[in-house]
Amino acid sequence: MNMIKTLGLAALLMGSSAGLALAQTQLALSSSQPSTDPLVIAMEEAATRITERSEGEIRVTVYPSSQLGSDNDVLEQIRNGASIAALVDAGRLAPFKKELGILSAPYLVDDWTDYKAITDSPVYGEWVEDLAASSGIRLLNYNWFQGTRQMFTKNPVNGPDDLRGVRVRTIDAPGWLATVNAIGATAVPLPWSEVYSALQLGAIDGAEAQLTGAYGIKLHEVVKNLAFTDHVHLVTGLATSETWFQSLSPEHQAIVTEELAAAGDRASEATVAKGEEVLEEMKAAGVTVTEVDLDEFKALVPGVYEELGLVEAREALTPYIGTAQQ
């Protein structure tokens with residue numbers, strides 16, 4: 001029934017103009033995060049602004065909690081022309097444009113704010129245009145910081161050795177799987193919506209996630225250990241259909257692009273503040289926080305770049321990532 005529902009929604013979105021005035025355009029914003037997450041709140045604000053600026057000619061609806069399907073499923077809908085913009089990490093885009101996978105590679109930069117220099121670079125711009133031309137996916141922006149990924153586990157993690165044989169949920173994309181395996185754990189790809197129950201049932205032993213995302217699904221209720229591995233600064237972006245985007249007038253393209261980029265900036269600032277808040281709440285709920293030696297983990301990931309064919313992409317970005325670890 002869920003698949004039928006998803007397909008029905010996609011069909012509605014692809015043919016949204018059929019029963020409406022020709023001047024009106026529909027856009028769905030999709031996220032795996034719950035409605036209380038700063039990212040979704042910023043999406044709702046952007047939806048209002050886009051409708052106001054377009055004088056009602058663009059109608060935007062936000063779908064949190066993977067209501068339109070998993071991120072990979074939504075990307076397929078987008079490739080088929082659906083008027084959806086999905087918030088995804090670059091690891092999910094790597095199958096369509098390998099070089100973009102570098103954006104979710106482990107220990108690429110020292111701080112998430114370093115991503116701005118990358119996304120302002122001509123190298124990134126070329127990758128975005130190649131992605132649109134070859135896959136039909138238009139990456140509108142890449143400035144939505146969701147938090148730094150950490151290890152939430154049933155047993156304490158003080159170093160890589162403590163992850164041996166530990167089944168850790170991660171995103172179902174090559175880069176994420178390679179990263180989790182490289183730092184010692186056994187990567188298990190699962191939809192985000194299934195993580196809580198999988199931990200309850202013992203199907204997995206932990207999950208790597210950012211603080212706000214983990215708090216949003218109450219991960220602290222089923223695991224009581226948090227290790228600050230900082231393995232990926234999770235910056236994400238909104239990807240939409242190139243066909244749909246090019247069907248917009250230049251004025252409407254500008255409105256959508258500007259408002260969604262501004263929303264990403266607001267969401268990122270709110271995420272940082274929210275992360276500090278939920279960390280204290282997790283501690284109060286009995287979660288033990290461990291500060292690990294990051295150098296031990298960093299020493300394990302160079303092979304990830306080789307495995308994914310991202311060595312040249314990393315070299316291309318070197319002038320723009322400053323103090324990032326080489």
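Quick caveat: nothing in here was measured; it's all calculated off a predicted structure.
- In the hydrophobic clustering of this structure, Ile118 groups with Val304; members are Ile, Leu, Val, Met, Phe, Trp, Tyr whose side-chain heavy atoms approach within less than 4.5 Å, directly or through other members.
- Put simply, the side chain of Thr318 gets close to the backbone of Arg314: a donor and an acceptor are under 3.5 Å apart.
- A salt bridge between Glu208 and Arg169 is absent, with no side-chain N of the basic residue lying under 4.0 Å from a carboxylate O of the acidic one.
- Between the side chain of Ser135 and the backbone N or O of Phe96 there is no donor-acceptor pair closer than 3.5 Å.
- A side-chain donor-acceptor contact under 3.5 Å links Lys224 to the backbone of Ala285.
- Aromatic ring centroids of Phe297 and His231 lie 6.0 Å or more apart.
- A heavy-atom distance below 4.5 Å is not found between the side chains of Val166 and Thr186.
- Side-chain N or O atoms of Tyr215 include none that pairs as donor or acceptor with a backbone N or O of Leu279 at under 3.5 Å.
- Ser35 and Pro64 make their closest contact through N-CB, 3.9 Å (heavy atoms, listed as atom of the first residue, atom of the second, distance).
- Between Met43 and the options Leu260, Leu238, Val60, a side chain to side chain contact (heavy atoms under 4.5 Å, CB included) holds for only Leu238.
- In this structure the side chain of Leu308 never reaches within 4.5 angstrom of the side chain of Lys98, judged on heavy atoms.
- Of the inter-residue distances, the one linking Ser30 atom OG with Ile78 atom CD1 reads 7.5 Å to the nearest 0.5 angstrom.
- In this structure, the separation between NZ on Lys298 and CG on Asp230 is 8.5 Å, given to the nearest 0.5 Å.
- A donor-acceptor contact shorter than 3.5 Å links the side chain of Tyr115 to the backbone of Leu103.
- Comment: Glu277 engages Lys274 in a salt bridge, judged by a side-chain N to carboxylate O separation of less than 4.0 angstrom.
- Cluster annotation: Phe152 and Val292 are assigned to distinct hydrophobic clusters (Ile/Leu/Val/Met/Phe/Trp/Tyr, side-chain heavy-atom contacts under 4.5 Å, transitive).
- Among all heavy-atom pairs drawn from Val157 and Thr290, the shortest one is O-CG2, 3.5 Å.
- Considering NZ of Lys116 and OH of Tyr320, their distance stands at 13.5 Å, rounded to 0.5 Å.
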Could you go through the salt bridge (Lys or Arg N to Asp or Glu O under 4.0 Å) check for Arg49 and Glu52 one step at a time? CA-CA 5 Å; Arg49 295 185 185 212; Glu52 289 176 349; over 6 Å; no
Verdict with supporting geometry, Lys97 and Asp130, salt bridge (Lys or Arg N to Asp or Glu O under 4.0 Å): CA-CA 7 Å; Lys97 180 61 181 175; Asp130 288 347; 3.3 Å; yes
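- Geometrically, Arg266 does not engage Trp144 in a cation-pi contact defined by less than 6.0 Å to the ring centre and at most 45° from the axis.
- Counting only distance, with no hydrogens or angles, the side chain of Ser104 and the backbone of Gly91 share a donor-acceptor pair below 3.5 Å.
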Given Leu139 and Leu93, is the side chain to side chain contact (heavy atoms under 4.5 Å, CB included) satisfied, shown in steps? CA-CA 9 Å; Leu139 188 54; Leu93 299 174; 3.9 Å; yes
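- Judged by distance alone, the side chains of Ser268 and Asp265 never bring a donor and an acceptor atom under 3.5 Å apart.
- Residues Ile102 and Trp127 form a side-chain contact, since some pair of their non-hydrogen atoms from C-beta on lies under 4.5 Å apart.
- Within the 4.5 Å cutoff, the side chain of Glu126 has no heavy atoms near those of the Glu99 side chain.
- Using modelled atom types, one side-chain atom of Gln77 and one backbone atom of Leu68 make a donor-acceptor pair closer than 3.5 Å.
- Here the side chains of Pro160 and Leu300 are in contact, with some heavy-atom distance below 4.5 Å.
- Hydrophobic clustering (ILVMFWY, side-chain heavy atoms < 4.5 Å, transitive): Met151 and Val232 are in distinct clusters.
- Around CD of Glu312, the count of heavy atoms belonging to other residues, nucleotides or ligands within 6.0 Å does not exceed 12.
- Taking all atoms of both residues into account, the shortest heavy-atom contact from Ala261 to Asn141 is N-ND2, 3.7 Å.
- Counting only heavy atoms from C-beta outward, the side chains of Leu248 and Trp244 approach each other to under 4.5 Å.
- Atom-to-atom distance recorded for Asp111:CG and Phe145:CZ is 7.5 Å, nearest 0.5 angstrom.
- Sparse packing is recorded around CD of Glu55, with 12 or fewer heavy atoms of other residues, nucleotides or ligands lying under 6.0 Å away.
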Going through the distances and angles, do Leu29 and Thr61 end up as a side chain to side chain contact (heavy atoms under 4.5 Å, CB included)? CA-CA 6 Å; Leu29 297 181; Thr61 305; over 6 Å; no
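- Criterion: ILVMFWY side-chain heavy atoms under 4.5 Å apart, direct or through other members. Under it, Ile50 and Ile41 are not part of a common hydrophobic cluster.
- Salt-bridge annotation for Glu129 and Arg138: present, with a side-chain N of the basic residue lying under 4.0 Å from a carboxylate O of the acidic one.
- A side-chain donor from one of Gln146 and Gln210 sits under 3.5 Å from a side-chain acceptor of the other.
- Atoms CG and CG, on Asp114 and Leu317 in that order, are 12.0 Å from each other to the nearest 0.5 Å.
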How far apart are the C-alpha atoms of Tyr124 and Val128, what are their side-chain angles, what is the distance that settles it, and do they pass the side chain to side chain contact (heavy atoms under 4.5 Å, CB included) test? CA-CA 6 Å; Tyr124 169 82; Val128 168; 3.4 Å; yes
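- Of the possible donor and acceptor atoms, none in the side chain of Ser65 sits under 3.5 Å from a partner among the backbone N and O of Gln67.
- Across all non-hydrogen atoms, the minimal contact from Tyr305 to Ala105 is OH-CB, 3.5 Å.
- In terms of heavy-atom proximity, Leu294 sits nearest to Tyr107 at CD2-OH, 4.3 Å.
- Using a cutoff of 4.0 Å between basic side-chain nitrogens and carboxylate oxygens, Asp71 and Arg92 are scored as salt-bridged.
- Val88 and Leu177 are not part of a single hydrophobic cluster, where members link through side-chain heavy atoms under 4.5 Å apart.
- Taken from CG in Leu211 to NE2 in His220, the straight-line distance is 11.5 Å, to the nearest 0.5 Å.
- Between Leu87 and Leu39 there is a side-chain heavy-atom pair separated by less than 4.5 Å.
- Minimum interatomic distance between Gln33 and Val40 (heavy atoms only, all atoms of both residues): O-CG2, 3.6 Å.
- Without hydrogens or angle criteria, Arg53 side chain to Glu259 main chain gives no donor-acceptor distance under 3.5 Å.
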Derivation and outcome, side chain to side chain contact (heavy atoms under 4.5 Å, CB included), residues Trp112 and Thr148: CA-CA 8 Å; Trp112 72 271; Thr148 301; 5.5 Å; no
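- Listed for the Asp172 side chain is no donor-acceptor partner under 3.5 Å among the backbone atoms of Leu190.
- Using modelled atom types, one finds no donor on one side chain facing an acceptor on the other under 3.5 Å when comparing Asn155 with Thr153.
- Using a 4.5 Å heavy-atom cutoff, the side chains of Val287 and Glu281 are not in contact.
- In this model, a donor atom of one side chain and an acceptor atom of the other lie less than 3.5 Å apart for Gln24 and Gln26.
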